[in-house]
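Here the structure comes first, spelled out in structure tokens, and everything after it is commentary.
Bear in mind that the values here come from a model prediction, so they are computed numbers and not experimental data. Hydrogens, waters and symmetry mates are skipped; everything else that's a heavy atom, side chains included, is used. Within every chain, numbering begins at 1; the chains are lettered A, B, ... in the order of the sequence lines, protein sequences first and strands thereafter.
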Amino acid sequence: MAYTLNVNGKSVSVDVPGDMPLLWVLRDVLHLYGTKYGCGVGQCGACTVHIRGRAAKACQVPVQNATAAPIVTIEGLSADGSHPVQKAWEELDVPQCGYCQAGQIMSAAALLATTPKPTDAEIDTAMNGNICRCGTYLRIRDGIKRASGQPVNMTTGRGE
Amino acid sequence: MSTASVSVNRRSFLKVSAAAGGGLMVALYTDAFADLLAQGRQGGAPAAPLTPDAFITISPDGIATITGKNPEIGQGIKTALPMLIAEELDIDWKDVRVVQGDVSQVKFGGQSAGGSTAIPGNYTPMRQIGAAARAQLVAAAAAQWSVPEAELTTAAGKVMHAASKRTIGYGQLAAKAATMPAPALASVTLKDPKNFTIVGKNKVGVDVHKIVTGQALFGMDMNLPGMKFAVYEKCPVFGGTVVSANTEEIKALPGITACFVVAPGPSLANGVAIVADTWWTANQARTKLKIQWNEGTTATNSTMGFDRSALEFSKKAPQTVTRNDGDHGVAMKEAAKTVDAAYQYPFLVHAQLEPMNCTAAFKDGKMEMWATSQTPQQGLSLAATACGIAPTDITMHLMRMGGGFGRRLANDYIAESAVIAKNVPGVPVQLRWTREDDMRSDVYHRAAGWHFLSGGVDASGKITAWRDHFVTVGKGTMPSGSATLGMNEFPARFVPNFSIVQSINESGIPTGPMRAPGSNALAFVMQSFIDELAHAAGKDPVAFRVALLDSTPLPIPQTQGPGGGGGGGGFNAARAKGVVELVAAKSGWGKRTLPKGTGMGIAFHFSHSGYFAEVAEVTVDAQKRVKVNKVWVVGDIGRQIVNPSNANNQAEGCVVDGLGQAMGLEITIDGGKVVQKNFNQYPLIRMKDAPTTIQVDYLLSDNNPTGIGEPAMPPSIPALCNAIFAATGERVRSLPLIKHGFSWA
Ligand code: FES
Ligand code: FES
């Protein structure tokens with residue numbers, strides 16, 4: 001069945017089963033590989049994208065429910081990695097393996113869109129759906145603070 | 001970048017790139033390099049020839065493309081090894097591009113990620129490669145200007161002649177330099193580390209920009225024209241085999257390309273493969289699979305059964321004696337205070353965030369693969385064996401990996417992928433596991449273990465007696481992989497009446513290395529029980545450990561392996577004491593008044609050549625909710641930290657990993673199957689529960705640089721448990737903490 005999606009500002013048509021999760025449509029049909037698969041059950045957040053500007057887990061959204069709203073993936077967050085969250089992530093050398101980081105960045109960007117200067121508690125709540133198995137949480141927190149113009153905990157050196 | 005086959009000295013260390021013209025390649029004297037690799041500490045560095053010009057290509061614009069040879073699993077080696085080359089090449093880091101090397105022992109020598117060996121094994125060889133290339137550039141400039149090499153200096157990608165005020169960029173010299181005689185690696189002059197401009201400085205990971213912009217990098221991101229997808233169903237009981245399967249019915253479903261039974265082989269479990277146009281179709285078809293399994297003998301295994309029989313073993317004479325010094329029985333009678341304690345830790349899975357996957361294309365007898373693996377050369381051999389072709393008929397590309405933690409030391413999924421691709425010749429296929437596949441068929445687990453301890457201290461507060469009846473999993477009298485307790489594991493040799501005895505729970509559950517194998521569990525037991533004895537003796541936990549390290553140890557007999565801690569050379573008490581004392585100072589141990597419900601715990605451990613001591617400060621409320629306020633880490637991993645930003649990231653990650661395991665992680669077995677199916681039943685630590693401050697310091701010692709990805713992890717668990725004891729008076733003797741009513745605050 002054909003569905004029309006709005007992904008990263010472009011209208012695209014896909015011919016797939018309606019219950020196919022958006023995650024696999026993005027990756028396997030549209031070849032947007034930035035959005036990752038970690039669990040498929042809404043637990044890890046590796047598949048986080050923006051739907052109507054809000055963070056959503058693409059593995060939990062059947063494609064048939066994703067036709068009406070604009071979808072933004074990590075590839076569409078900025079043209080060149082210039083989103084403040086992406087820049088902060090680079091400056092602070094946040095990733096280890098990097099597999100979770102697109103999802104982390106999408107959750108963080110959605111948070112900052114509504115809460116320009118989040119508190120630690122607000123960060124905790126917004127990021128609770130994203131697992132980093134490598135344990136880069138301290139840097140993720142710092143990245144969000146850097147991106148929102150708040151002081152960063154540099155007890156232990158990071159970035160250049 | 002296309003590389004022109006400019007005919008240069010075959011041994012040149014430099015290659016000329018045609019992207020913009022000529023490049024320079026440094027040639028290695030292969031024998032010398034093999035020797036150096038062989039000298040690299042244990043494992044992963046087989047003596048092998050390599051291709052001289054495989055590492056550095058310089059293009060006319062002065063950009064050096066450096067190959068990172070080792071698998072990148074998040075440990076930062078794709079940045080660190082090229083940093084070592086670039087340092088001695090004497091080029092600006094901003095003029096360096098890093099590419100991942102394909103899988104080739106001939107080109108690169110050993111390529112592996114495991115045992116924290118990459119830095120100790122490659123620190124000198126990578127520098128020598130860079131220095132050899134530099135020497136060829138200098139020689140080229142000397143020839144061009146007709147001046148003695150001794151009058152030339154280099155910096156930031158240029159050769160300079162001060163007397164004549166001439167300067168020339170590496171890019172302009174590359175083509176000529178590649179034809180210069182390659183120096184012997186052992187003879188090249190290395191920089192004095194005080195002149196380092198790259199090594200020892202914070203460098204952002206070379207793939208970070210690609211990661212934050214979502215570019216395809218990882219194994220699962222591989223895409224080929226006409227690629228199909230495969231799933232592979234195995235028996236949920238370990239070692240189970242296929243009796244029959246409805247493959248014909250599955251084949252008839254729409255979108256299905258193939259469905260077949262794969263015969264078992266080395267590192268290849270019997271199962272049923274489905275290949276389809278899309279992965280979603282293949283995975284949906286699994287719901288229609290009807291397989292009759294022969295579950296085999298492991299079906300009788302269960303965590304409850306193991307626990308029960310471990311307790312029975314503890315009441316009986318052990319099966320074997322690992323070590324016996326002095327007379328434990330007499331010492332216990334003479335002790336001023338004694339403690340008996342039963343410790344236990346569960347099975348764990350690796351849970352790296354990217355599930356297993358591999359892409360393969362088989363055509364005209366040749367296989368091309370895009371793999372993730374911590375031991376890719378072994379993966380290539382295994383794939384060859386699994387499909388009965390020669391290793392030389394396989395080309396394997398190495399992809400970035402979404403975590404390793406030891407899981408990718410095994411290559412079972414590569415064997416599966418190769419066999420599946422061979423069954424559909426001409427069609428590229430990506431094998432992709434689900435998280436559920438990954439969790440239920442981790443090819444090996446961190447082994448569960450049981451330790452029945454009895455220890456005593458004398459009136460002066462010294463440990464005089466220690467006995468550990470270690471019950472592990474295995475077959476007969478052989479422990480399973482990474483399920484051993486070595487005879488020299490600390491505090492062996494430091495306690496006069498000391499014994500380790502062992503019994504084995506008969507088990508078919510596969511076990512093997514997970515980050516800091518052995519150590520990740522043993523540090524919890526040893527450092528917690530030392531804490532118990534310190535408390536019994538009425539001594540401060542730091543002073544008690546220092547006194548223990550100050551006592552004269554029994555020697556390690558020549559015939560025995562290295563002293564405890566996951567291999568990596570003998571245990572050095574002075575280095576252990578150094579990190580304990582420094583972490584005590586850094587954390588203000590004993591100098592700060594803590595509120596009620598807040599406590600500090602210390603632990604240290606030696607593994608993978610690294611010495612780490614850690615202090616955790618925690619607050620525990622009346623509902624047993626735990627908040628980790630801060631963790632201090634001090635490590636002694638030699639005289640040089642190659643990339644501090646990355647080392648700090650590893651240390652922080654190690655602590656977070658340890659805290660998460662301790663609080664919530666457990667794999668249980670029932671009917672020979674893993675009970676937990678996905679992350680909702682395997683609660684990895686989340687951001688709100690991680691400490692917001694981890695202070696990492698290094699004790700630079702005059703020892704060769706060693707790795708950090710593993711040794712920083714083990715002490716974090718006992719540091720946490722000892723802090724919980726200090727805060728609450730409750731001693732934690734089994735993991736995870738949630739079983740004792742604890743939770744994160
Ligand atoms: S893959 Fe969607 S939450 Fe894990
Ligand atoms: S960086 Fe590896 S999972 Fe987050």
Side-chain angles (χ1 to χ4, degrees), chain A residues 16-17 20-21 24 27-29 31-41 43-44 46 73-75 77-78 80-81 85-86 89-91 93-102 105 120 123-125 127-128 130-141 153 155-160, chain B residues 72-76 201-205 207-209 211-218 220-221 223 229 278-280 351-355 400-405 434-435 644-646 648-657 660 678-680 684-688 690-696:
Chain A
V16 294
M20 186 166 169
W24 300 118
R27 288 185 57 88
D28 291 343
V29 182
H31 304 299
L32 292 167
Y33 293 107
T35 307
K36 298 295 193 250
Y37 167 73
C39 70
V41 296
Q43 283 284 316
C44 75
T73 69
I74 186 78
E75 291 90 344
L77 188 62
S78 68
D80 49 3
V85 172
Q86 290 170 309
W89 250 241
E90 276 199 65
E91 283 165 24
D93 193 21
V94 170
Q96 284 188 31
C97 80
Y99 196 76
C100 73
Q101 299 293 349
I105 289 170
D120 277 318
I123 293 173
D124 284 346
T125 304
M127 303 305 292
N128 199 42
N130 292 80
I131 289 171
C132 176
R133 170 67 178 94
C134 299
T136 64
Y137 294 124
L138 285 79
R139 290 184 185 208
I140 292 170
R141 183 184 301 281
N153 174 359
T155 308
T156 294
R158 53 202 53 181
E160 267 167 45
Chain B
E72 177 60 64
I73 56 175
Q75 84 282 41
K201 310 285 184 276
N202 287 338
K203 294 294 167 208
V204 169
D207 282 339
V208 167
H209 182 75
I211 289 167
V212 304
T213 50
Q215 298 179 42
L217 267 179
F218 295 89
M220 215 184 270
D221 301 343
N223 180 38
F229 295 87
T278 73
W279 182 79
W280 182 247
Q352 74 306 318
L353 201 56
E354 181 191 21
R400 191 178 177 92
M401 289 156 239
F405 307 102
T434 61
R435 171 58 54 191
S645 176
N646 182 64
N648 296 338
N649 209 349
Q650 294 299 311
E652 292 169 357
C654 279
V655 169
V656 170
D657 188 358
N678 207 315
F679 291 145
N680 47 348
L684 293 163
I685 189 168
R686 290 175 190 269
M687 186 162 176
K688 68 177 170 48
T692 54
T693 309
I694 297 173
Q695 181 177 331
V696 183

- Under the side-chain hydrogen bond (donor to acceptor under 3.5 Å, both in side chains) criterion, do Gln96(A) and Asn649(B) qualify, and how do the steps go? CA-CA 7 Å; Gln96(A) 284 188 31; Asn649(B) 209 349; 3.0 Å; yes
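- The CD1 atom of Ile123(A) lies 6.0 Å from the CE atom of Met687(B); values are rounded to the nearest 0.5 Å.
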- Could you check Thr156(A) against Asn648(B) for side-chain hydrogen bond (donor to acceptor under 3.5 Å, both in side chains), going step by step and ending with a plain yes or no? CA-CA 7 Å; Thr156(A) 294; Asn648(B) 296 338; 5.5 Å; no
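- Among Glu354(B), Arg400(B), Gln695(B), the residue with the largest count of heavy-atom pairs under 4.5 Å with chain A is Glu354(B).
- Rounded to the nearest 0.5 Å, atoms OG1 (Thr136(A)) and CD (Glu652(B)) are 9.0 Å apart.
- Remark: the backbone N or O of Val204(B) is paired with a side-chain donor or acceptor of Glu160(A) at under 3.5 angstrom.
- At a cut-off of 3.5 Å, with distance as the only test, no side-chain donor of Asp28(A) or Thr278(B) sits close to an acceptor on the other residue.
- When all heavy atoms of Thr692(B) and Arg141(A) are compared, the closest pair comes out as CG2-NE, 3.5 Å.
- Contact check for Pro691(B) versus Tyr137(A): no side-chain heavy atoms found under the 4.5 Å cut-off.
- Heavy-atom distances place both the backbone and the side chain of Ile131(A) under 4.5 Å from chain B.
- Rounding to the nearest 0.5 Å places CG of Leu684(B) at 10.0 Å from SG of Cys39(A).
- Of the residues considered (Ala690(B), Pro355(B), Gly205(B)), Pro355(B) shows the highest number of contacts with chain A, using heavy-atom pairs under 4.5 Å.
- Checking side-chain atoms of Arg27(A) against main-chain N and O of Met220(B) turns up a donor-acceptor pair under 3.5 Å.
- Considering only heavy-atom pairs separated by less than 4.5 Å from chain B, the leading option among Asp124(A), Val16(A), Thr73(A) is Asp124(A).
- For chain B, the nearby part of Trp24(A) is the side chain; its heavy atoms alone come within less than 4.5 Å.
- Once rounded to the nearest 0.5 Å, the distance linking OG1 of Thr213(B) with CG of Leu77(A) reads 10.5 Å.
- By the salt bridge (charged side-chain N to carboxylate O under 4.0 Å, His left out) test, Arg133(A) is found to be paired with Asp657(B), residues two or more places apart in sequence or in another chain being considered.
- Neither the backbone nor the side chain of Asp120(A) comes within less than 4.5 Å of any heavy atom in chain B.
- The shortest distance between side-chain heavy atoms of Asn202(B) and Asp93(A) does not fall below 4.5 Å.
- Only the backbone of Val94(A) comes within contact range of chain B, judged by heavy atoms closer than 4.5 Å.
- In terms of heavy-atom pairs under 4.5 angstrom with chain B, the leader among Gly157(A), Gly38(A), Gly40(A), Pro17(A) is Gly38(A).
- When the candidates Ile211(B), Val208(B), Leu353(B), Leu217(B) are compared by the number of heavy-atom contacts under 4.5 Å with chain A, Leu353(B) comes out ahead.
- Between the CD atom of Gln352(B) and the SG atom of Cys134(A) there is a distance of 10.0 Å, given to the nearest 0.5 Å.
- Interface summary for chain A: among Gly214(B), Gly653(B), Ser645(B), Gly660(B), the most heavy-atom pairs under 4.5 angstrom belong to Ser645(B).
- Side chain of Tyr33(A) to backbone of Asn223(B): no donor-acceptor contact under 3.5 angstrom is found.
- Heavy atoms closer than 4.5 Å to chain A are found in both the backbone and the side chain of Ile685(B).
- Applying the ring-ring contact (aromatic ring centres under 6.0 Å, His included) criterion to Tyr99(A), with sequence neighbours excluded, gives Phe218(B).
- Contact tally against chain A (heavy-atom pairs below 4.5 Å) for Val212(B), Val656(B), Ile694(B): the top residue is Val212(B).
- Side-chain atoms of Tyr37(A) come within 3.5 Å of backbone atoms of Arg435(B) as a donor-acceptor pair (strictly under, hydrogens ignored).
- Contact count versus chain B (heavy atoms, under 4.5 Å) is highest, among Ala46(A), Ser78(A), Gly98(A), Cys44(A), for Gly98(A).
- Of the charged side-chain nitrogens involved, at least one lies within less than 4.0 Å of a carboxylate oxygen, so that Asp221(B) and Lys36(A) count as a salt-bridged pair.
- Residue Leu32(A): no heavy atom, backbone or side chain, is found under 4.5 Å from chain B.
- For the pair Asn128(A) (side chain) and Arg686(B) (backbone), a donor-acceptor distance under 3.5 Å is absent.
- Nearest heavy-atom pair across Gly81(A) and His209(B) is CA-CE1, 4.5 Å.
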